[in-house]
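Worksheet for the structure shown next.
As the structure is a computational prediction, the values presented were derived from the model and not from experiment. Order of appearance sets the numbers: ligands from 1, and atoms from 1 within every ligand.
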Amino acid sequence: MLYGICSDIHSNATALKAVLASMDSYGVERRVCLGDLVGYGPDVNESVSLAASSMDISIIGNHDSVAMRWESCLGFNPYAKQAIEWTQNQLSPESVKYLDGLPYIFEENEICFVHASPMSPADWVYVTDLEDALDAFDHFSGKYCFVGHTHSPVIVAMRDAAIPKVIEDGSYVLEKGERLLVNVGSVGQPRDRDPRACWCLFDSEKESVQLIRVPYAIEETQKRMREAGISDFLVERLGVGR
Ligand code: ZN
């Protein structure tokens, strides 16, 4: 099965359309979104409806949860807070209905899908170093776990109790006895200094993963952000991917 796995769309419909077209060009059979459909960007309901019509599996993220007022935005920085309050006012009843039905975690065929970490999925734990990665490996039982949340793509492979190894070049074929943790990066708000949209191609038969970057018309999204009154800080960071 060819999986196309993406995350952190953040109300950026232009980036999402580019990623969906890229997935099609690779012949993806099963599309997965790991959450944060909304927040930061201008295309709130369009992003939700695009995800609803294109994703086979969809997971909830922390921004989705706050957008529906399931929890407060207490931990958000001022820019994220302003954007999520604007998002709360944009969200249509149809979008709420879709987001409200999303699970925190989903597992099939040795694959775990979750927004932040399989360790306590509803607490939105950040996996940013090898210690966090070790905790994550302890909390899924299958071979693979795909996450988002940090907006920085990374592939980590682990054999038994050895120190996990970070794969630097963006693609990897699983070796015998290994398990894999993959952060699929962000569609609509990359923060690894590469502003292109990101997604992950996963071939479950070949046991291979590949992080794919997709250029899109960033300035179109930035224009709609300005029109919506979203802060200059968020508009500008989109252009530099940080
Ligand atoms: Zn996010």
Could I get the full list of side-chain contact (heavy atoms from CB on, under 4.5 Å) partners for Ser11, not counting sequence neighbours?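 For Ser11 the side-chain contact (heavy atoms from CB on, under 4.5 Å) partners, ignoring immediate neighbours, are Val38, Val44, Ser47.
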Applying a strict under-4.5 Å side-chain criterion to I, L, V, M, F, W and Y, I'd like to know whether Val214 and Leu2 cluster together.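 Yes; Leu2 is reachable from Val214 via cluster members.
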Start with the C-alpha distance between Glu178 and Lys143, add both sets of side-chain angles, then the distance that settles salt bridge (charged side-chain N to carboxylate O under 4.0 Å, His left out), and finish with yes or no. CA-CA 7 Å; Glu178 283 183 336; Lys143 267 189 184 176; over 6 Å; no
Can you pull out every ring pair (Phe, Tyr, Trp, His ring centres under 6.0 Å) where at least one residue sits in residues 21-51? Sequence neighbours excluded, please.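 Matches after skipping sequence neighbours: His10-Tyr40, Tyr26-Trp199, Tyr40-His63.
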Can you pull out every ring pair (Phe, Tyr, Trp, His ring centres under 6.0 Å) where at least one residue sits in residues 78-109? Sequence neighbours excluded, please.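 Of all non-adjacent pairs touching residues 78-109, those that pass ring pair (Phe, Tyr, Trp, His ring centres under 6.0 Å) are Tyr79-Phe233, Tyr104-Trp124.
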The Zn ion (ligand 1): protein N, O or S atoms that are less than 2.8 Å away, sorted by chain: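 Per the 2.8 Å query on the Zn ion (ligand 1), atoms found are Asp8 OD1, His10 NE2, Asp36 OD2, His151 NE2.
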Specify whether Phe146 and Tyr144 have parallel, tilted or perpendicular ring planes, treating 30° as the upper limit for parallel and 60° as the lower limit for perpendicular.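 Parallel, since the angle between the ring planes stays under 30°.
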